[in-house]
Every structure is written in structure tokens, then in C-alpha cells.
Amino acid sequence: MKRTSSRDRGEHRESLSDPQLLRDYPLDIFPNWNINAGDPYYVKAPIDKLGDVAFHIRTHITALILAGNTATIFVQSFASPGLTKVAFAFSQLGYETFFFGLTVVASWFFDARLGRLLAALLSVCFFVSGSIKVALSLPRPPAPPAKRLSEEDRDWAWPSNHALVGTAFPWYIWLYASANYDLSFAQSCLLLVVLFTWNVGVAWSRIYLGVHSPCDVLGGWTLGVLILFVFGGFARQLDAAYITAQTAGDYTWFVLTPLLLLAVHPRAWPETQSYGEVVSVLAGNSMIWAGRYFRLGSETPYLSLYESNAAAPAADYVLRMIVGVFFILLGRIIAKRIMMAVVAGIYASLGLPYYSYSEMCKRLDSFQATKRFTSRMRFRAIPGGKPEPPADQIPYDIDLPTKAVVYSFVGFMVAEGCPAIFSLVGI
């Protein structure tokens, strides 16, 4: 990290395992209310520009979050080691890595169009969830009284991204399958049970693990349903635009739209992981759509293995997964190392302060500012409180441009690069 100047903070360093931390992340630039224990602190949010309206919105939703403590305690009263493992398993079904993996599996193996549409849906979900999370900056449930069964509390709470995407994704698959596949009654019932269990299990796990309140989950579920209906109404038109695209102008929208969404996405300081996740998802998924412009190895969009050869042996599916994952992981590792060095070099040559959010999280670990509710939290500026750092002293996060490039590469490989390799080697 390129260090910025700071006042001596010796009185706080004894509480840290590494005294270098406060020199690298000075409190006048990186506010950390964990360190200033006992003092009230103001959690500034982009929506605060609305004045009293913002204050009432934030306090009312926070009251609803706290009102769910009783329900959380009840759900956690059944806690056991086995049930906790089940909760963690369901929670894994709500991460972007799992959802992105589903788009890859659909694209390479079963239904390429479904894969593309799931990628677009994932982008919409993450943008909506991330924007609201940052704009409101609302706390996670306090622990205690909730049991902190998971460390997933480094970001703001409302709405639950797990609940939002975990609702939109499975039920879009249900709608798509019902409209496009000739399923028997038994197959439809089986699919319905699987998707329902997925949706409910993810929502339950967030409350059980103590990382979200029922209010967070209900908010995510409601937004997920709304996104599902809106996206479902435009999905066919979106895919038709992709299929008929020929010129650079036709593909421009697949790049400009994510850039516009990133431009209007709320930002707050100190930064949280939400914006970085949105950058990764939008960058990767935009190239799943825009990468077709290069016509790599085929003039027509690539089909999945099942669509191109329904009689393909199981070995071809396994080989596709091994080959595809190998090239994507290898390229991702190389691209990340190169881009981190390049971006840091550019910022250094321009004399701009910079840091790595991911590195900061690893180094601070449990000393990261809590996102759980505390009685010290305030939603209005505290008179005589610590001033905000000047805009020119707030460092740039080198992770963001790195993620944009790296995940653009990943998206391109998923939609074009790996299918071209599959075609070349005959799998």
C-alpha cells in the first residue's frame, strides 16, 4: 500500500497485533470504530444527502432489523453442530461463485442460452442489492443476543444478497424450464422441490448463522421476486438482440450498460466488499455477452455440449470441465498478478494514494470495523465529531480495476475462449 501521512496513534496500537497496521491504515483516513471503543460513531451513507428523510428511513429499517432478534434467537435455539454444517452448506448456494458456476455449467453442458440469461440476471441482482446496501449502510443484527456462528459480517446488511439472488435465480430456472423444456409431471415436481428447498434453505441459513435478520431476508426475497418478474419480461428480447448482433455498434450496449450501472452505483467511505463484487460480476458477465463480437472460432454463438451432441459420452463432459477450469484458473492467476502490478505502477507514477481492499481485510482481520449494530452507532453527524478525510487523501482501491480486467477475461473465456478450445480438441 502507498502510505498516507497520519498522526501518531500510539495509544491504540497496544490493542493491535501488529503496530504497523495503524501506520499503513491511519485512522484519519480509514475510520475504525472498533478501535475507538466506547465512543459514539457516525455511519455515513450516500442516502444521507436527503437529510431528515434519510435519517427516518435508516432508523425505521434498523428498528425492524432489531425487532427480528427474538426470531433469530428462536431459530438458533435449535442449533447443533450438524445443523450448523447444513446451514453453511445452504449458505454456499448463495455466493456469487456458486451462481457464476451455474452459468458456466449451463453454457458448456446443457443450455447456452440459459447460461447467458443467468449471467445477465446475476448482474441485475448484484447491482440492485449492492446499490441498496451501500446507499443505506444498515447494520447486521447485534451479537449478542444473536449467536455469531459465521464470520460473514464484514458488509452492510439490508437487503440480504443471499436471499435476493437465492430467490431470483432458482425461480427463473423454474420459469425457463417450464417454458422451454418438455418436462413430465414427475420431473416438474422434482425440479420444484429442489428449487424450493434451495430458496428456503438459503434464506433460513442466513438467519440461523446470525448474519442477517428476518427483515434483511424478507427485503431480499421481495426484491428478488420483483427482479424476477421484470427480468422475465425482457429476457427474450435481450437474447434476440444478442443473436442478431452483427456490428460493433450492436455489441456496444453489452459493454456500455454495465459501465453505466457502475457509474451510478452509490459509493461510500470506508469502502465495503459490495462494490468490488458488483465490479467483478458486471465485468465478467458483460464479456459473456460482448465477447461474441470477436467471433472466436465460430460465426454463430456456441452451443452447449448437449445441444450440439446429445449422445456425447460422459467423458466429454468431464474433459470439458477439466480443460475449461484449467485455462480459466491459469489465466486468472496470471492476469491478476500482472494487473495488480500495472495498476499500482500507474497510480504511483501519477502520485495518487492507493491501497488494496482485499489486502487490508486480510491484515486487519478481526480489527475491521464491525457492521453489526451497536448502541454507539449514529445515523446523523455527531457535533464536534471527527471530520471526514479530504477527497484527495482518500486512496484508490487497486483491486477494482484489477477485478474489472481479470473478470472480463474470465467472462470472455467462459463464452468464447473455452468453447473455441473445446471445438478445436473435439470435446
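These numbers come from the heavy atoms of this one structure, side chains and all, not from hydrogens, waters or symmetry mates. Numbering of residues begins at 1 and proceeds along the displayed sequence.
- At least one side-chain heavy atom of P141 sits under 4.5 Å from a side-chain heavy atom of D216.
- Of the inter-residue distances, the one linking T72 atom OG1 with R206 atom CZ reads 12.5 Å to the nearest 0.5 angstrom.
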| said: Between D239 and W289, is the side-chain contact (heavy atoms from CB on, under 4.5 Å) condition met? List the steps. | reply: CA-CA 9 Å; D239 193 64; W289 290 77; 4.3 Å; yes
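- Taking CD from E277 and NZ from K403, the interatomic distance works out to 7.0 Å, rounded to the nearest 0.5 Å.
- Nearest heavy atom pair, residue M340 against residue I398, reads CE-CD1, 3.8 Å.
- Heavy atoms only, all atoms of each residue included: P170 and W198 are closest at CB-CE3, 3.4 Å.
- Aromatic pair Y181/Y176: ring centres closer than 6.0 Å.
- A distance of 8.0 Å separates CG of L282 from NE2 of H265, quoted to the nearest 0.5 Å.
- Counting only N and O atoms by type, the side chains of S304 and D111 include no donor and acceptor under 3.5 Å apart.
- Residues T103 and F169 form a side-chain contact, since some pair of their non-hydrogen atoms from C-beta on lies under 4.5 Å apart.
- The backbone N or O of I29 lies less than 3.5 Å from a partner atom in the side chain of W269, making a donor-acceptor pair.
- Looking at R140, its side chain never comes within 3.5 Å of a backbone N or O of A157 through a donor-acceptor pair.
- Between W158 and I65, the closest heavy-atom pair is CB-CD1, 4.5 Å.
- Counting heavy atoms from C-beta outward, F373 and S213 have side chains that stay 4.5 Å or more apart.
- Listed for the S423 side chain is no donor-acceptor partner under 3.5 Å among the backbone atoms of P419.
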| task | List the steps, then state whether salt bridge (charged side-chain N to carboxylate O under 4.0 Å, His left out) holds for R363 with D24. | result | CA-CA 10 Å; R363 295 187 61 196; D24 289 347; 2.6 Å; yes
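- Counting non-hydrogen atoms of neighbouring residues, nucleotides and ligands closer than 6.0 angstrom, the CH2 atom of W174 exceeds 12 such neighbours.
- Counting non-hydrogen atoms of neighbouring residues, nucleotides and ligands closer than 6.0 angstrom, the OH atom of Y306 reaches no more than 12 such neighbours.
- Not a single donor-acceptor pair under 3.5 Å links the side chain of S129 to the backbone N or O of F126.
- Atom OH of Y293 is surrounded by 12 or fewer heavy atoms from other residues, nucleotides or ligands within 6.0 Å.
- When every heavy atom of A45 is checked against every heavy atom of V134, the shortest pair comes out as CB-O, 4.4 Å.
- Remark: F379 CZ to M377 CE distance equals 5.5 Å, nearest 0.5 Å.
- When the shell of 6.0 Å around OH of Y41 is examined, it contains more than 12 heavy atoms from other residues, nucleotides or ligands.
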| So D48 and R58, salt bridge (charged side-chain N to carboxylate O under 4.0 Å, His left out) or not? Walk me through it. | CA-CA 9 Å; D48 286 349; R58 297 180 73 194; 3.1 Å; yes
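- Sparse packing is recorded around CZ of R337, with 12 or fewer heavy atoms of other residues, nucleotides or ligands lying under 6.0 Å away.
- Distance check: Y357 OH to T272 OG1 gives 5.5 Å after rounding to the nearest 0.5 Å.
- Here the options are V86, L209, N199, V217, the test is side chain to side chain contact (heavy atoms under 4.5 Å, CB included), and the partner is W204; only V86 passes.
- Nearest heavy-atom pair, I288 versus F100, reported as atom, atom and distance to 0.1 Å: CD1-CE1, 4.0 Å.
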| query | Checking side-chain contact (heavy atoms from CB on, under 4.5 Å) for the pair L223/I132: CA distance, chi angles, key distance, verdict? | reply | CA-CA 11 Å; L223 290 168; I132 298 176; 3.7 Å; yes
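- The closest donor-acceptor contact from the side chain of S107 to the backbone of V104 lies at 3.5 Å or more, if one exists at all.
- When the shell of 6.0 Å around CH2 of W221 is examined, it contains 12 or fewer heavy atoms from other residues, nucleotides or ligands.
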| request: Dump the intermediate steps for side-chain contact (heavy atoms from CB on, under 4.5 Å) on L114 and Y172, then the final yes or no. | output: CA-CA 10 Å; L114 175 60; Y172 181 73; 4.2 Å; yes
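- For the pair R292 and Y251, the cation-pi test (distance below 6.0 Å, angle within 45°) is failed.
- No side-chain heavy atom of Q393 sits less than 4.5 Å from a side-chain heavy atom of P353.
- When side chains are defined from C-beta on, L303 does not count as touching R113, because their heavy atoms never get closer than 4.5 Å.
- The ring of F30 has its center closer than 6.0 angstrom to the ring center of Y355.
- For the 3.5 Å distance criterion, the side chains of Y208 and S91 fail to qualify, holding no donor opposite an acceptor.
- Side-chain atoms of C418 and M413, non-hydrogen and from C-beta on, do get closer than 4.5 Å to each other.
- The CZ atom of F127 sits 12.5 Å away from the OG atom of S274 when rounded to the nearest 0.5 Å.
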| T247 and D250: CA distance, side-chain angles, deciding distance, side-chain hydrogen bond (donor to acceptor under 3.5 Å, both in side chains) verdict | CA-CA 5 Å; T247 67; D250 295 334; 3.2 Å; yes
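- For CZ of R148, the number of neighbouring non-hydrogen atoms (other residues, nucleotides, ligands) closer than 6.0 Å is greater than 12.
- Annotation: side chain of S178 is not in contact with side chain of S188 (no heavy-atom distance under 4.5 Å).
- Side-chain contact between P139 and K371 is absent, with no heavy atoms from C-beta onward closer than 4.5 Å.
- Without hydrogens or angle criteria, S131 side chain to V128 main chain gives no donor-acceptor distance under 3.5 Å.
- When atom types are taken as modelled, the side chain of Y275 and the backbone of P266 share no donor-acceptor pair closer than 3.5 angstrom.
- The two residues R376 and W33 make their nearest non-hydrogen contact at NH2-O, 3.1 Å.
- At distances below 3.5 Å, at least one donor-acceptor pair connects side-chain atoms of S205 with backbone N or O atoms of V202.
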| field | Step-by-step side-chain contact (heavy atoms from CB on, under 4.5 Å) determination, F412 to F294 | value | CA-CA 10 Å; F412 179 79; F294 298 97; 3.8 Å; yes
